[in-house]
There are 2 protein chains.
Amino acid sequence: MASSSPQSAQNSLLKLENQLCFPFYAVSRLLTKAYQPLLHALDLTYPQYLVFLLLWEHGQLTVKELGERLLLDSGTLTPLLKRMEQKHWLSRRRDPRDERSVIIELLPAGRALEAQAGQIPVQMLDKMQMTPAEIAALRLTLNHLLTQLA
Amino acid sequence: MASSSPQSAQNSLLKLENQLCFPFYAVSRLLTKAYQPLLHALDLTYPQYLVFLLLWEHGQLTVKELGERLLLDSGTLTPLLKRMEQKHWLSRRRDPRDERSVIIELLPAGRALEAQAGQIPVQMLDKMQMTPAEIAALRLTLNHLLTQLA
DNA sequence: CAACAATAGATTGTACACAATTAAACATTA
DNA sequence: TAATGTTTAATTGTGTACAATCTATTGTTG
């Protein structure tokens, strides 16, 4: 009854090597580290790069909209956006039509980074060494988990 | 030629929704948040839980061994382990045979948490709502990425 | 319209992460 | 064995994350 007893089954699930969540945690950090040399050339951190992905596409967004899309709250975004403002990449100003909202607008210096970042996605895909089929399957699983957990 | 031109292909890869790494980043944080109510009952954070998974299995490990297995360095582990030491969950002492190493040993109060944590893995699997086939495929992909990026 | 509720950000405090540096102990070798 | 190099943690400094709280603004309703 060894491996099928409740006690040992429970213990085996409490081993690091049998965890499913730890690889997510580890891969997420390793991916950020893989971005690092590419982003360092642009003086960017990974969360700041994510903000830029949204601003390059939309030009301007409120803090609330950034938070909804990145799943980050103002406690994280406010200081991060202040640092990006100090580098003149974006501007922060209250929405005159609703003074509760803060509009984050891309500035020329921030727009200029888009071209420099153009090669980053392919370089990352190269580092990951995955087949298109693997990538497609992974997208499905990650999207499932996103909707399941969000 | 619109969508196949280098410029637009590059731009589409710079959209958040087309990112493969962002879902990893988001899911990893959502998983940590999903653990939170379960771990809060034990007064644990997720990284501290990971340390316990190793200590419950091995009883004692050096900081170096913990770092190798969790992919964390001393800058993260030292303060984390000091907090766990303050709660009398583990002890920190230099290895007499090699004073460079610090041995982290599980204490009774830390061992006692193992039983209370026994239900956490199944509760997390329940939250994820994945089929065994999906889980198996995901394990393969995550392990591939771990070896590819580590 | 006044009271109350809801919303959007900012702030505070705690805990990671990690690059870079430092310090002590151990290993190697000329 | 003395000098040099390597290894292991600790330290320092910066940047997220996030819970909890606070403030100002807007919306709702009696």
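Basis for what follows: all heavy atoms, side chains included, without hydrogens, waters or symmetry-related copies. Just so you know, these numbers come straight off a predicted model, no measurement behind them.
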* Distance in angstrom units between B:R92 CZ and D:dA9 P, rounded -> 11 Å
* Have a look at B:Q36 and say if it touches a base, only the backbone sugar-phosphate, or nothing, with a 4.0 Å heavy-atom cut-off. => nothing
* Evaluate the ring planes of B:W56 and B:Y49, with Trp represented by its six-membered ring, and classify them as parallel (under 30°), tilted (30 to 60°) or perpendicular (over 60°). => perpendicular
* Run the salt-bridge test on A:K82 and A:E85 with the 4.0 Å N-O cut-off and return the result as yes or no. => no
* Nearest-nucleotide comparison on DNA chain C, the residue closer to the 5′ end among A:R100 and A:G75 -> A:R100
* Would you indicate what A:T62 reaches in the nucleic acid, counting non-hydrogen atoms under 4.0 angstrom: base, sugar-phosphate, or nothing? => sugar-phosphate
* **Whole-Å distance separating the NZ atom of A:K33 from the P atom of D:dG15** => 18 Å
* Once you round it to whole Å, what is the distance between P of D:dA9 and CG of B:D95? -> 9 Å
* To do: Would you indicate what B:L80 reaches in the nucleic acid, counting non-hydrogen atoms under 4.0 angstrom: base, sugar-phosphate, or nothing?
  => sugar-phosphate
* Same apolar cluster (I L V M F W Y, side chains within < 4.5 Å links), B:L140/B:L125 -> no
* What integer distance in Å separates A:L44:CG from D:dT14:P? -> 18 Å
* Note: A:K64-A:E68 ion pair, threshold 4.0 Å (strictly below) -> yes
* Structure fact -> Nearest heavy-atom contact between B:R94 and B:R100 is NH1-O, 2.8 Å
* Tell me what A:T76 touches on the nucleic acid: a base, only sugar-phosphate, or nothing, going by heavy atoms under 4.0 Å. => base
* Asked: Heavy atoms under 4.0 Å, any strand shown: does B:S74 hit a base, just sugar-phosphate, or nothing?
  -> base
* To do: Starting from C1' on D:dA9, measure out to CG on B:L66 and report it in whole angstrom.
  => 13 Å
* Specify the residue among A:L30 and A:V63 whose closest nucleotide of DNA chain C lies further upstream toward the 5′ end. => A:V63
* Structure fact -> So the contacted stretch of DNA chain C, first to last nucleotide with an atom under 4.0 Å from a non-hydrogen atom of chain B, runs from C:dA15 to C:dC26
Can you give me every donor-acceptor pair (side chain of residues 73-80 of chain B, partner residue at least two apart or in another chain, under 3.5 Å) with its distance?
residue	atom	partner	partner atom	Å
B:D73	OD1	B:G75	N	3.1
B:D73	OD1	B:T76	N	3.2
B:T78	OG1	B:S74	O	3.0

* Separation of D:dT14 P from A:Q86 CD (nearest whole Å) -> 12 Å
* Could you pull out all residues at least two apart from A:T32 that satisfy side chain to side chain contact (heavy atoms under 4.5 Å, CB included)? => A:Y46
* Anything under 30° is parallel, anything over 60° is perpendicular, the rest tilted; go ahead and classify B:F22 against B:Y25. => tilted
* Please state how far atom NZ in B:K64 lies from atom P in D:dT6, giving the value in whole angstrom units. => 15 Å
* Could one point to a donor on the side chain of B:T78 or the base of D:dA9 with an acceptor on the other under 3.5 Å away? -> no
* Below 4.0 angstrom from OP1 or OP2 of D:dC18, is there any side-chain N or O of B:R29? -> yes
* **Position toward the 5' end of DNA chain D (nearest nucleotide), A:L72 or B:R94** => B:R94
* Asked: Between A:E99 (CD) and D:dG27 (P), how many Å, whole number?
  -> 12 Å
